[in-house]
J.: 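Okay, here's the structure, questions in a sec.
Chain A is the first sequence line, chain B the second, and so forth, proteins listed ahead of strands; every chain is numbered from 1.
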There are 2 protein chains.
Amino acid sequence: MARLSDVIEEFIKSLLRESEGQLELQRNELADYFECAPSQINYVLATRFSLNQGYHIESRRGGGGYIRILRLDVDKNDYLHYLLSEGIGAKVSEQAALQIINRMKEQEYITQKTAYLMKSAVLDKAIGMPSSLKDNIRAGILKSMITAILAWDSRNA
Amino acid sequence: MARLSDVIEEFIKSLLRESEGQLELQRNELADYFECAPSQINYVLATRFSLNQGYHIESRRGGGGYIRILRLDVDKNDYLHYLLSEGIGAKVSEQAALQIINRMKEQEYITQKTAYLMKSAVLDKAIGMPSSLKDNIRAGILKSMITAILAWDSRNA
DNA sequence: ATAAGACTAAGGTCAAAGAAAGTCAAAATA
DNA sequence: TATTTTGACTTTCTTTGACCTTAGTCTTAT
């Protein structure tokens with residue numbers, strides 16, 4: 001007897017295959033279909049569709065809510081995935097962040113203008129905050145922006 | 001299932017596009033057309049056509065009453081400078097930040113892709129941090145990105 | 001002719017109900 | 001012990017409806 005989470009994982013992945021890596025679903029509907037608790041869907045998403053595993057999730061609550069799952073294009077964007085999974089840890093200095101963005105530009109993942117914009121978002125000046133928390137916050141922001149760059153392409157495929 | 005509020009929003013926006021950003025309508029008529037409660041029109045106006053989102057609403061009750069909606073089209077530089085000097089204070093909520101970025105996109109000051117990138121940088125998730133400091137940090141980042149957009153333009157003028 | 005008051009035709013407000021999704025930790029299971 | 005399953009509780013967003021306010025119109029007494 002396969003674990004239900006594995007079944008749900010496979011189900012979602014087959015849906016993704018049929019729909020070019022992009023998919024929108026209703027949490028309660030899916031939970032109904034598999035006769036499980038709605039929160040199990042969250043568990044499956046958290047453990048099998050994380051960023052490190054190459055997926056991006058967007059969702060909305062309330063009437064007409066949804067969960068959107070994007071499969072990021074993995075092999076095409078090696079460096080970016082490396083950054084997300086190992087390259088950027090919990091903390092990143094300003095210098096390191098700027099270097100990373102420069103390299104992204106040199107490898108033509110982003111335009112010069114986008115690089116300029118991204119840099120502005122990770123500057124010490126932008127983040128304000130004294131303390132060592134700055135480097136944590138910067139890491140979060142940088143990762144989020146890199147994820148957005150990856151997600152954009154999948155989303156508009 | 002698309003949210004009715006979104007449908008009404010799009011309907012109004014398309015009317016605005018056809019009429020140079022100015023439009024007068026009858027609340028009950030519109031509610032009839034969409035078969036919804038009249039107060040849902042107010043909900044749509046409040047959540048999607050606020051001043052921050054770039055719209056101005058005037059209305060009149062009683063016989064011959066109406067609701068007038070104006071799209072405020074501002075000059076790019078004026079608007080961005082306004083945001084930096086008054087529009088964005090020391091703190092900004094996630095919602096408010098996303099609305100500002102949406103407006104920049106609707107006014108075509110930035111592309112949709114850039115909007116997506118900028119949004120990713122101001123999300124609660126990106127900033128991490130529980131606490132109320134989030135809104136301060138977000139304000140700093142958003143201002144920094146807006147400054148970068150201004151600087152880029154003048155630099156490449 | 002006119003001012004007061006009643007009637008009608010709008011739009012406004014607010015709170016409750018409904019419709020999702022998120023979180024977290026306890027319980028169950030492998 | 002680690003992973004999975006469940007469920008109670010929370011948060012967010014939307015929809016509905018009862019009640020309120022305001023503007024114009026019509027009657028009527030003076």
J.: Are B:Q40 and D:dT14 close enough that a side-chain N or O sits under 4.0 Å from OP1 or OP2?
T.: no
J.: Would you say the side-chain atoms of B:N102 and B:K119 include a donor-acceptor pair closer than 3.5 Å?
T.: yes
J.: So, OP1 or OP2 of C:dG12: does either fall under 4.0 Å of a side-chain N or O from B:R61?
T.: no
J.: Nearest to the A:S5 side chain among D:dT14, C:dT13, D:dT5, which nucleotide is it?
T.: D:dT5
J.: To the nearest Å, give me how far apart CG (B:N42) and P (D:dT14) are.
T.: 15 Å
J.: Rounded to whole angstrom units, what separation is found between the CD1 atom of B:I57 and the P atom of C:dG11?
T.: 13 Å
J.: Does NZ or CZ of A:K13 lie under 6.0 Å from the centre of the six-membered ring of A:Y55, at an angle within 45° of the ring axis?
T.: no
J.: Does a nitrogen or oxygen in the side chain of B:R3 sit under 4.0 Å from OP1 or OP2 of D:dT15?
T.: no
J.: I need the CD1-C1' distance between A:I41 and D:dT4, as an integer number of Å.
T.: 13 Å
J.: What is the separation between atom CD on B:E35 and atom P on D:dT15, rounded to the nearest whole Å?
T.: 14 Å
J.: Roughly, in whole Å, what's the span from CG in A:D32 to P in D:dT6?
T.: 13 Å
J.: Taking CD from B:E24 and P from C:dA10, how many angstroms apart are they, rounded to a whole number?
T.: 13 Å
J.: Among the candidates C:dG22, D:dG17, D:dT22, find the nucleotide nearest to the side-chain atoms of B:S39.
T.: D:dG17
J.: Identify whether the distance between the nearest side-chain nitrogen and carboxylate oxygen of A:E58 and A:R155 falls below 4.0 Å.
T.: yes
J.: Atom CD of A:Q26 and atom P of D:dT14: how far apart are they, to the nearest Å?
T.: 14 Å
J.: Which of these nucleotides, D:dT3, C:dC14, C:dG12, is closest to any side-chain atom of A:Y43?
T.: D:dT3
J.: Please find the pair of heavy atoms, one from B:K91 and one from B:N136, that lie closest to each other, and give the distance.
T.: CE-OD1, 3.4 Å
J.: What is the separation between atom CZ on B:R27 and atom P on D:dG17, rounded to the nearest whole Å?
T.: 14 Å
J.: Counting any heavy atom closer than 4.0 Å, what does B:L4 reach on the DNA or RNA strands: base, sugar-phosphate only, or nothing?
T.: sugar-phosphate
J.: Determine: side-chain N/O of B:N28 to OP1/OP2 of C:dA9, distance under 4.0 Å, yes or no.
T.: no
J.: Regarding B:R103 and the six-membered ring of B:Y79, is the cationic atom NZ or CZ under 6.0 Å from the ring centre and inside 45° of its axis?
T.: yes
J.: Which of the following nucleotides, C:dG22, D:dT14, C:dT13, is nearest to the side chain of A:I67?
T.: C:dG22
J.: For a quick test of reading the model: is some side-chain N or O of B:R48 closer than 4.0 Å to OP1 or OP2 of D:dT14?
T.: yes
